[in-house]
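One structure below.
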Protein chains: 2
Amino acid sequence: MTGLASSIERRNGVSLWRQIADRILQGIASGDFAENAALPPEVALAERYGVNRHTVRSAIAALVQEGVLKAEQGRGTFVLSRKRLSYPIGARTRFSTGLQGQTSERHIALLSSSTEPASRRIAEALGLAKGAAVIRLETRGEADGHAVSRATTWFDAKRFAGIEAAMAETGSITASLKRFGINDYLRHSTVLSARHADADDLAALDLQPGAIVLVTVAVNVTLDGEPIQFAESRFPAERVELRLLAL
Amino acid sequence: MTGLASSIERRNGVSLWRQIADRILQGIASGDFAENAALPPEVALAERYGVNRHTVRSAIAALVQEGVLKAEQGRGTFVLSRKRLSYPIGARTRFSTGLQGQTSERHIALLSSSTEPASRRIAEALGLAKGAAVIRLETRGEADGHAVSRATTWFDAKRFAGIEAAMAETGSITASLKRFGINDYLRHSTVLSARHADADDLAALDLQPGAIVLVTVAVNVTLDGEPIQFAESRFPAERVELRLLAL
DNA sequence: AAAATTTGTCTATTGATATAGACAACTATA
DNA sequence: TATAGTTGTCTATATCAATAGACAAATTTT
């Protein structure tokens, strides 16, 4: 990306230090600030962004807290290496296989599960009657010990009774579905949006308040086109990008 | 979406009123707050979010300013109708055809154009030598008089000399490419991310500071697989969602 | 007409945010 | 060993953000 001007905005509900922290993150992502190298000195950054040096210090302090930067007195402030995961989305999107090559270990942790009546939206997506019982799973995707996604998933309770136990045991949706005789499935639809992370996402994904999450709402179907799974997934925008396949 | 708890976070660089404004926007998008109906009274909202009534008023004031809400003394605060556009992304993504049925009028406005040497990234995507001349177009997508996207597009300057004039005249990428003998093209790859809008996006998309943009980086190719166009598009997350096709 | 409900305005207080300047502490280099 | 460059700490001040309470103004309900 060519570094477009993009200046800092005042009195808009987002503090200057938070905006500058975001700009520094962008700079790292775009290669403006190289990894494992020193950031420009505080005075230079202050001049570049048109703010006081102390404001820049607040931004840096937040990023040090996040583990993105490391400050050393007398030497400089350094960018720690933190690769952004590229999460593929396509007809055969699978959590585990998708991140192969980028991480050495990944699995899905089951945070909680419950059975509830289907809302109209979920009933329609799964082809059930409104109010039919559905199983709801709250999960967190982890790769190399880092949280990379947070998802809420619904299944027909009648057809997939006990799937929460299978998830807890296998740590994989694909493996769990196999136990119900589903050896292959396709992604039918995906709708994408973005918003600020809510408190639940912040805790589960270990994010700083104000962070942005990418949100996908997807329906998976069998090869016959029968809907089996409805899911909303949240990805931390600062650590993950989505790569659309087969377009 | 089931309304997950998601409480409000303090001293994180994002002011409470901005967080609450975001929550209200979410509430409208999710149907929690119906369009053309009254919002709960300020005291009720204050209690729901655990903040002072004046803080809620600040959030409402911002959304009134944005044209999302309308406050009437003695009556209540009303949600104005503002449908979120659903922008399709697929192999044959076209700006104009994609929004058919959702809007009555749409076109692409050319904001500026220039010729510059290709960065490594753009050269690789377009199959050119690094430093080769490329045409860069800055455009804004408009539907029914509202800005719905902001894009930066690069073309090989040698092959597409004068495309900026065609764009200015036709208001359409598809129509402009036809003048260069390209009657059909496909989307080869799309990478998706999200971030806070920068100053340029804020101005071009008529957003409030702190707003979130969805970012797509895409390469379009001819039917023979030859790359012809590299583009970065920004969509206001509060007004647009991306619907992934053919997955 | 009266009461209840809701938004609008005002004053006051507290804490967070941002600016400004000075100097200490530490590191690398001439 | 100086010197320059960099991060760390301190004080002070002004503005913004958030809370609190009281009452006015407009609308709807009783």
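In what follows, every heavy atom counts, from backbone to side chain, and hydrogens, waters and symmetry copies are set aside. Every chain is numbered from 1, with letters handed out A, B, ... down the list of sequences.
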**Fill in**
Side-chain atoms of A:Leu16 come closest, of C:dT19, D:dT19, D:dA24, to C:dT19
**Prompt:** Below 4.0 angstrom, N of the basic side chain to O of the carboxylate: do A:Arg195 and A:Asp201 qualify?
**Reply:** yes
**Prompt:** In terms of side-chain geometry, is the basic nitrogen of B:Arg53 or B:Glu47 positioned less than 4.0 Å from the acidic oxygen of its partner?
**Reply:** no
**Message:** For a quick test of reading the model: is some side-chain N or O of A:Asn52 closer than 4.0 Å to OP1 or OP2 of C:dA18?
**Reply:** no
**Message:** Over all strands shown, is B:Thr77 touching base, sugar-phosphate only, or nothing at heavy-atom distances under 4.0 angstrom?
**Reply:** sugar-phosphate
**Message:** Output the rounded distance in Å from CD (B:Glu72) to C1' (D:dA26).
**Reply:** 11 Å
**Complete:** Closest to the 5' end of DNA chain C, once B:Gly74 and A:Arg53 are matched to their nearest nucleotides, is B:Gly74
**Request:** Check whether any side-chain nitrogen or oxygen of B:Thr55 sits under 4.0 Å from OP1 or OP2 of D:dT19, and answer yes or no.
**Result:** yes
**Distance in angstrom units between A:Glu42 CD and D:dT6 P, rounded** = 10 Å
**Request:** Quickly work out the A:Leu39 CG to D:dT7 P distance and round it to whole Å.
**Result:** 8 Å
**Prompt:** To the nearest Å, how far apart are B:Glu47 CD and D:dA20 P?
**Reply:** 13 Å
**Request:** May I ask you to decide whether A:Glu241 forms a salt bridge with A:Arg243, counting only side-chain N to carboxylate O separations under 4.0 Å?
**Result:** no
**Asked** Between B:Ser58 and B:His54, which has a closest nucleotide on DNA chain D that is more 5'?
**Response** B:Ser58
**Item:** Spacing between B:Leu69 atom CG and C:dG8 atom P, to the nearest angstrom
**Value:** 11 Å
**Asked** Does the side chain of A:Val191 come within less than 4.5 Å of B:Leu244's, by heavy atoms?
**Response** no
**Request:** Measure the distance from CZ on A:Arg75 to P on D:dT6 and round it to the nearest whole Å.
**Result:** 13 Å
**Prompt:** D:dA18 P sits how many Å from B:Leu45 CG, rounded?
**Reply:** 16 Å
**Asked** Counting just side-chain N and O atoms, does A:Arg57 come under 4.0 Å of either OP1 or OP2 of D:dG8?
**Response** yes
**Complete:** In whole angstroms, the gap separating C1' of D:dT7 from NZ of A:Lys70 amounts to 14 Å
**Message:** If you compare all heavy atoms of A:Ile24 against all heavy atoms of A:Phe33, which two are closest, and at what distance to 0.1 Å?
**Reply:** O-CD1, 3.8 Å
